[in-house]
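Inspection log for the structure reproduced underneath, given as structure tokens.
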Amino acid sequence: MQRREFIGLIGGAVVWPLTTSAQTSKTYRLGTLTPGPPIVSTADRGAILFNALAKRGYVLGQNLIHEARGASGKIDLVPQLAQQLKSANVDVVVTISYPAAAAAKATGVATVIASGSGDPVATRLVESLARPGGNVTGIADDASMLSTKRLSLLAAALPKLRRVAMLWNKDDLGMSLRYAASAKAADGVGITVQPLGVREPDDFNGAFAAMTRDPPDAIMMVSDSLTLLNRKRVIEYAAEHRLPAVYEADSIVRDGGLMSYGADEQESFDRAAAIVELILKGAKPADLPVEQPTLYRFVINLKTAKSIGLEIPATVLALADEVIE
């Protein structure tokens, strides 16, 4: 069943028109860069981005060329891939993750963050949300608010929650700062954190061993390319040990995770397309405020809850935008 609970985070967002005038005769090159698999224009987030661009008059095969680059988990390759995009003379690069945004920034090419950057001010991707001041702008969320919300939803589903294991990529500055914000949020609501930073796939074995020796009440996973590529291992561990877990993206819940709370990807990638359009029309990233999402989705997998023996209270189910049964 589907429900909607729209939670606004207006912040410094600037709302630009969602539709534009007719196609231009000029051909533009759009680069996409991720530390994971390359973005595909016809699937998932890529489909959202390119459909949104098409509605604005920028159509693949007509006046738009897509240069897709993805490191497939080999983070060290990201700077090289960013240089490839610069050499391909792309007009704009759309990024997912802090490493991709940082690498794109270093090339000097106009860069639009679509998701996963962490706090762009704290990581110095931009000077401020209102006036980025360089070649980077885009979409960024409030980690402290989101972490507090995720923990509150987890606690509502698990009233005895006292200790949470947090998994994050220690080599990703954006996600390390997000972990710090999450740990601070946990302390603020009286929850103890079991820190489990990882740097490579083999480190998950150590994280799992630590949880087995000293079991937490639940797991909270910070999303980046490393944790996402290993998400099924986390899901399987949580299922085997009957541990509730909260994630940042609803795609993980569809893979079997228990619950997620995060920015609505449809909105975020549509807004990224709107910012791309402004840049293609001559705007400078330095002058385009970094926007914050206004729509968030709370998704619960009831099948997973039943499999670990967790009864989700009706009051929590009522808050969900989607319940997978």
Side-chain angles (χ1 to χ4, degrees), residues 16-117 120 125-126 132 134-140 225 265-288 290-291:
W16 300 93
L18 290 180
T19 57
T20 63
S21 53
Q23 283 182 323
T24 172
S25 58
K26 180 179 176 179
T27 298
Y28 296 91
R29 288 181 179 272
L30 176 69
T32 56
L33 180 63
T34 84
I39 286 179
V40 177
S41 62
T42 56
D44 303 321
R45 295 176 288 189
I48 298 172
L49 177 66
F50 284 94
N51 287 340
L53 286 167
K55 290 177 182 177
R56 292 168 168 84
Y58 301 90
V59 182
L60 283 174
Q62 295 183 22
N63 61 353
L64 185 65
I65 295 171
H66 180 203
E67 296 281 353
R69 300 291 188 277
S72 298
K74 299 178 181 178
I75 306 298
D76 291 346
L77 294 180
V78 172
Q80 177 184 332
L81 297 175
Q83 288 296 328
Q84 289 180 12
L85 290 174
K86 182 178 182 179
S87 298
N89 294 317
V90 296
D91 297 286
V92 185
V93 178
V94 174
T95 66
I96 296 174
S97 81
Y98 166 75
K105 177 180 179 175
T107 68
V109 175
T111 299
V112 175
I113 300 165
S115 74
S117 70
L125 289 174
V126 301
N135 62 307
V136 179
T137 187
I139 313 296
S225 60
E265 287 192 344
Q266 182 72 45
E267 182 198 45
S268 294
F269 281 80
D270 185 86
R271 294 306 308 143
I275 297 171
V276 167
E277 179 194 23
L278 291 170
I279 293 171
L280 295 181
K281 286 188 169 183
K284 302 297 184 184
D287 302 323
L288 297 175
V290 175
E291 299 185 16

Least distance between heavy atoms, [X] atom then [Y] atom:
X    : Y    : value
T95  : V93  : CG2-CG1, 3.8 Å
L33  : A82  : CD2-CB, 3.8 Å
T32  : A68  : OG1-CA, 3.5 Å
I279 : P285 : CD1-CG, 3.9 Å

Any side-chain heavy-atom pair of [X] and [Y] under 4.5 Å:
X    : Y   : result
I39  : R45 : no
S225 : S72 : no
F50  : L30 : yes
S97  : T34 : no

Rounded to the nearest 0.5 Å, what separates atom [atom1] in [X] from atom [atom2] in [Y]?
X    : Y    : atom1 : atom2 : result
K86  : E67  : NZ    : CD    : 15.5 Å
E291 : E267 : CD    : CD    : 8.5 Å
F269 : N51  : CZ    : CG    : 13.0 Å
L280 : I275 : CG    : CD1   : 12.0 Å
Y58  : D91  : OH    : CG    : 10.0 Å
Q266 : I48  : CD    : CD1   : 4.5 Å

For A283, give me all partners under side-chain contact (heavy atoms from CB on, under 4.5 Å), at least two apart in sequence or on another chain.
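Only L278, L288 meet the side-chain contact (heavy atoms from CB on, under 4.5 Å) criterion with A283.
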Just to verify, what does A71 make a side-chain contact (heavy atoms from CB on, under 4.5 Å) with, not counting sequence neighbours?
L77, V78, L81
Donor-acceptor pairs under 3.5 angstrom involving side-chain atoms of residues 99-115: please list them, not counting sequence neighbours.
| residue | atom | partner | partner atom | Å |
| --- | --- | --- | --- | --- |
| K105 | NZ | R124 | O | 2.6 |
| K105 | NZ | L125 | O | 3.3 |
| T107 | OG1 | A104 | O | 2.6 |
| T107 | OG1 | V109 | N | 3.2 |
| T111 | OG1 | V109 | O | 2.9 |

Tell me whether N89 contacts the main-chain N or O of R29 through its side chain, where contact means a donor paired with an acceptor under 3.5 Å.
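It does not hold such a pair.
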Given the rule in the side-chain contact (heavy atoms from CB on, under 4.5 Å) test, do H66 and V40 qualify, once you have shown the distances and angles that lead to the verdict?
CA-CA 9 Å; H66 180 203; V40 177; over 6 Å; no
